[in-house]
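These numbers were taken from a predicted model, which means no experiment stands behind them. Atoms within a ligand are numbered from 1 in the order they appear, just like the ligands themselves.
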Amino acid sequence: MLFHSTRGNDSGRKFSDIVMQGLASDGGLFMPDAWPQIKIEDLQESDSFLDVAKKVVPLFTSSSYSEEETVTILENTWHDFNHKEFVSIKSLNSELLVLELFHGPTAAFKDFGLQLAAAFFNNILEKEQKTAVVLGATSGDTGSAAIDACKKYSRIKSFILLPNGNMSEVQRRQMTTVDQSNVFTLKVNGTFDDCQDIVKSAFRDQDFMNENQYLLAVNSINWIRIIGQICYYFYTYAQLKDKHNKLSFSVPTGNFGNVFACYSAFKMGLPLEKIIVAVNQNDILYRFFEENNYSKGSVIETVSPSMDISIASNFERLIYDFYSNRDSRVCNELFNNFPTSSIQLNEDVWSKSKEIFTSVRINDQDTLAAMSETFNEYHYTIDPHTAVGFQAAQLLKDVLDSAIVILSTAHPAKFPETLKSAGLDINNIPNSLSRVMDKEEYSFNCEANQSTIIDYIKQKNL
Ligand SMILES: *Cc1c(COP(=O)(O)O)cnc(C)c1O
């Protein structure tokens, strides 16, 4: 199984290369040459999450690792979860279920993709006797998951840029309280876009790096993160298949990574009725799925900050695979001119969406109302991101024939301020979160200035 770019000019690539490279050299996103198939009848209710991962992950790694090697890496990949199965499924009633993905050390689903990424980064670095710098900007959960996943590997130094903005105190403290010599948090006086521009230009001009070093990206377009997320969709199916013929998934969505993992599982044989793309007021995806208009707006701050985006980076993969039958000319044309020209597909091509996708947009008021409602009705506290998925499921449950699994992407204790606005308290705070509240914060505070930030990295990366 090899990989190629959605834009057609970077192909025949091995797994370990695309993991270390992230973005394809022609600006596109890597895709597997074909969709590997999972024998759905082989999945058992007795399978653990790890059993399922051992069936899924080796399908993508075969160009660089034997199945045995991959399985060995997987045995040590996911760590510090406070649930022995890593994920847990809760039934609210016979048609609404919640897939809890927040039992990892940073209390958001991003631990699944980033712990898998870090395990393979480290393995490749050991094989090649190299070291790496991880560089990323974060508006919420990516930074903490990346820092936590990489901190135990001494070959990797992490530099994470935190913009001013809408993240919660818990989210910030998860990054600034890590007192470890290979972790560096930079508090940048600027927006997320300022930080993102600095990161992008650092990737273009890597002069500041040492020899025999990789500069690694941890943003959600790295295919390895998608693989980690595909696993829990199959696990959910294995757990529920005896009770439900078909499932729909309601996914609180930002950069479209989690939805694309769900779509990938579908292409690999997972039976499903609908994928609900649940968004907040940053509604570019809603406007595409409902109005055939993918156009960039400006970012609006909401109570679900990890979904505050102006474009959805992984969406190009869907245009490539689903709407254009893998025609890289189409991707080149559409995405080379985006966002200057917005994307609108031919009506008959676009209407294919209805086969599996539907999208719902939820505003802040309804998000808070959904949080109170789940508590009052089910004695169950959900975080604001999950609430967007919950509310979307509520609106669609009567029109869908299947049960709906709502992805719970973060633990509510990450957002105590928002819980308060919804009139709720938190009763059980995971240790990993309560710990960060009394620790000292460390960070390098600076302006959004390219050379200041590069100089800092150089100094710490001797
Ligand atoms: C990142 C994140 C999302 C959005 O996921 P995407 O894969 O970017 O669509 C949703 N909820 C939470 C809590 C997140 O951290």
Legend entry - Structural part of F256 in contact with ligand 1, heavy atom criterion under 4.0 angstrom: backbone
[X] vs [Y] aromatic rings, parallel, tilted or perpendicular, using cut-offs 30° and 60°?
| X | Y | result |
| --- | --- | --- |
| F415 | H385 | tilted |
| F288 | Y323 | perpendicular |
| F315 | F289 | perpendicular |

Inset, instruction - Could you verify whether a donor N or O on one side chain and an acceptor N or O on the other, from D51 and Y235, lie under 3.5 Å apart? - result: no
Ligand 1 atoms in contact with [X] (distance to a heavy atom under 4.0 Å):
| X | value |
| --- | --- |
| K110 | 1 (C), 2 (C), 3 (C), 14 (C), 15 (O) |
| T253 | 9 (O) |
| N255 | 6 (P), 8 (O), 9 (O) |
| G257 | 6 (P), 7 (O), 9 (O) |
| D141 | 12 (C), 13 (C), 14 (C), 15 (O) |
| A410 | 13 (C) |
| H385 | 11 (N), 12 (C), 13 (C) |

Legend entry - Any F260 heavy atom less than 4.0 Å from ligand 1: no
Inset, instruction - For P252 and ligand 1, answer yes if some heavy atom of the residue is under 4.0 Å from a ligand atom, otherwise no. - result: yes
Inset, instruction - Tell me which protein heavy atom sits closest to atom 7 (O) of ligand 1, plus the residue, atom name and distance to 0.1 Å. - result: N258 N, 2.9 Å
Inset, instruction - Please determine if G254 has a nitrogen or oxygen closer than 3.5 Å to a nitrogen or oxygen of ligand 1. - result: yes
Legend entry - Side chain proximity check, M307 to T409, heavy atoms < 4.5 angstrom: no
Inset, instruction - Check whether NZ of the Lys or CZ of the Arg K157 lies under 6.0 Å from the centre of the six-membered ring of F184 and within 45 degrees of that ring's axis. - result: no
Inset, instruction - Only one of T177, T106, V178 passes side-chain contact (heavy atoms from CB on, under 4.5 Å) with V436; say which it is. - result: T177
Inset, instruction - Report the residue from F120, F60, F30 that forms a ring pair (Phe, Tyr, Trp, His ring centres under 6.0 Å) with F15. - result: F120
